Amino acid sequence: MTSTAPETQRGQDAGDPLGEQPTSWQRRLRRFGHVPRPEPSLRDRLDPPYTRPGRQLWSVLAIPPPVADRLVRWSGWGGPLLVTLVAGLLRFWKLDQPHAVIFDETYYAKDAWALVNQGYEGSWPKDVDKLILKDPSSVPVPTDPGYVVHPPVGKWIIGLGEQMFGFTPFGWRFMVAVLGTVSVLLLCRIGRRLFRSTFLGCLAGLLLAVDGLHFVMSRTALLDLIVMFFVLAAFGCLVVDRDRARRRLSDGLPVDEEGVLRPDAEVAETLRLGWRPWRLAAGVLLGLAFATKWNGLYVLAAFGLMTVLWDVGARRTAGAVHPYQAVLRRDLIPAFVSTVPVAILTYVVSWTGWIVTDKGYYRDWAATEGKDSSWSWLPDWLRSLWHYENQVYDFHVGLTSGHTYESNPWSWLVLGRPVSYFYEEQAGCKESATGKCAAEVLAIGTPLLWWLACLALAYVLWRWFFRRDWRAGAIACGVVAGWLPWFFYQERTIFLFYAVVFVPFLCLAVTMMLGAILGPAANAGTRAELGLAPQDPTGERRRTLGAIAVGVLVLLIIWNFIYFWPLFTGTSIPEDLWRARMWLDTWV
């Protein structure tokens, strides 16, 4: 186990291999468990090392050093893959249940089937869902175009599962479950890179694996989890790009006669960071998010600003006197080109099925109603698409009709109003005191995890504002990009499940706070590796108490997920047990 800060960094003081020179107030704080941290070198600030478990852990487990080293090397992928396996088993268990078209699956499952069969969405007859569930082969794909209000990428992905497993609940949920499972692996690896700790990376992935909202959305053919997947993958690409850019700066800086890396203003301000394929990949992924639902556009803007500010910080750390001017000259245009135009091009390409057909909704608008437009010199398909987009935007901003499960974004973090996707009441239930059983699929986050995330977000903001911790800023950026835009449309009909886009960042925030509770990696273990005596047993006691606290919190979150399992999966339970899980009146 390890904290949010890599403690294997080495100071520059030759007299103390850890570079620790505690002040008087630090010595006084040691009685309360304070462990002074070593001052990292410039190389470690630009390219921090990963933490490694101390030898004491392997001694307790009676594992020989060669085997321990091999386990450490394998854990970088072995740990995340193990967590992902657990997440996948949970998500694919009885994926076809309930055997029903639940909530907005009635739109996306049918649109996806039409897309993969004819390239555009059709206008389905009413009350066709029961026929699809009974015998999908007897239901023809409608050739008349249907008016849809979301771009096609998410429906293409859902349709891929239908192509493989048929026009059934399992088929239309399959690819969403795949992306939900893979997103757990992504978060493990992103958390590992972000915190330089395999343990904390796996912890972040585990929290995502047992979040109720992510779990339910992974088992439902809706678009929002697909947006989340592309946003998370883009974030991971940008984090990798940040590491590589800083490593290039580190390699370009001069080294003095003692082998110590030194800052250099000229190198920091003029060095070109070269080809950055990971940033380009992020642009494609953000374009795919935007081409699934439009809220991905806000994430594109936020992440674009974030990656530029990361370049500013990197050049400042390397010694740039005027880092903003240096980024403006060297990095801004490449960053813009590799994200915004790439994302827009990806969005347009995603409409290929609609473009190449002549039957899509509004496909012939430019040749009919729009033929007298002043923009008639543009291709007909482009003008028709632009008109379609305008109509869709008017629909979205004007969607104010009331809904039983709508909620204000202010209430999302405290789970004020979850969404019931499916509910079925069964009479004659002998196990229930009321004689009734209830089966429900409720789109709600694991309560203890989300309520803890409220505290974690406060900690993250504090750490970013007062400690200037870039990791805290990155996590906050992910939450803001997924949450803040909905405050601009509070009159619109919106739902809690939109929050799934920033759930991974909530898990990262909780992980960062738990890492702080856990405390810094014990210096005693590091000193033992150097042949030095431990400094102070107080740090070990503080570390032990922190580990106990973190263990208890994680076990409570897992228990909370298990407790709400029937509501996540539509499992039939006695009505009195169902009511016992309605912790707030607004959940009913």
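Bear in mind the structure is a predicted one, so any value in this text is a computation, not a measurement.
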Next on the checklist: Looking at W470, I'd like to know if the NZ or CZ of R242 sits under 6.0 Å from its six-membered ring centre while staying within 45 degrees of the ring's axis.
Outcome noted: yes
Next on the checklist: Can you confirm if the NZ or CZ of K293 lies within 45° of the ring axis of Y498 and under 6.0 Å from the centre of its six-membered ring?
Outcome noted: yes
Checklist entry - Hey, would you say the Y388 and W351 ring centroids sit under 6.0 Å apart? => result yes
Item to check | Polar side chain donor-acceptor pair, W113 to Y108, under 3.5 angstrom | outcome: no
Item to check | Aromatic contact, F303 with F235 (centres under 6.0 Å) | outcome: yes
Item to check | is_close_aromatic(Y107, H150), centroid dist under 6.0 Å | outcome: no
Checklist entry - Which pairs, with at least one residue in residues 137-158 and sequence neighbours excluded, count as a salt bridge (Lys or Arg N to Asp or Glu O under 4.0 Å)? => result E121-K155
Next on the checklist: For S572 and Q426, which I'm curious about, is there any donor-acceptor pair between the side chains at under 3.5 Å?
Outcome noted: yes
Item to check | Ring centres under 6.0 angstrom apart (W294, Y298) | outcome: no
Item to check | Closest contact, heavy atoms only, R279 versus S338 | outcome: CD-OG, 3.1 Å
Next on the checklist: The criterion is ring-ring contact (aromatic ring centres under 6.0 Å, His included); which residues satisfy it with W450, sequence neighbours excluded?
Outcome noted: none
Checklist entry - Can you tell me if R329 and H322 form a side-chain donor-acceptor pair at under 3.5 Å? => result no
Next on the checklist: Is the distance between the ring centroids of F290 and F230 under 6.0 Å?
Outcome noted: no
Checklist entry - Ignoring hydrogens and geometry, is there a side-chain-to-backbone donor-acceptor pair from D241 to C237 under 3.5 Å? => result no
Next on the checklist: With a 6.0 Å cut-off on the ring centroids, do W365 and W386 count as close?
Outcome noted: no
Checklist outcome for this item: Across all chains, not counting sequence neighbours, the salt bridge (charged side-chain N to carboxylate O under 4.0 Å, His left out) partners of D111 are none
Next on the checklist: Please tell me whether T569 and Q97 have a donor and an acceptor in their side chains that are separated by less than 3.5 angstrom.
Outcome noted: no
Next on the checklist: Distance to the ring centre below 6.0 angstrom and angle to the axis at most 45 degrees; does that hold for R189 and W77?
Outcome noted: yes
Next on the checklist: Tell me whether R417 forms a cation-pi arrangement with W587, defined as NZ or CZ under 6.0 Å from the six-membered ring centre and within 45 degrees of its axis.
Outcome noted: no
Next on the checklist: So if I apply the side-chain contact (heavy atoms from CB on, under 4.5 Å) rule between T446 and each of F564, F215, F561, which one comes out positive?
Outcome noted: F561
Next on the checklist: Using every non-hydrogen atom in the two residues, find where V479 and F502 come nearest and quote the distance to one decimal.
Outcome noted: CA-CB, 3.9 Å
Checklist entry - Between W172 and F165, is the ring centre distance below 6.0 Å? => result no
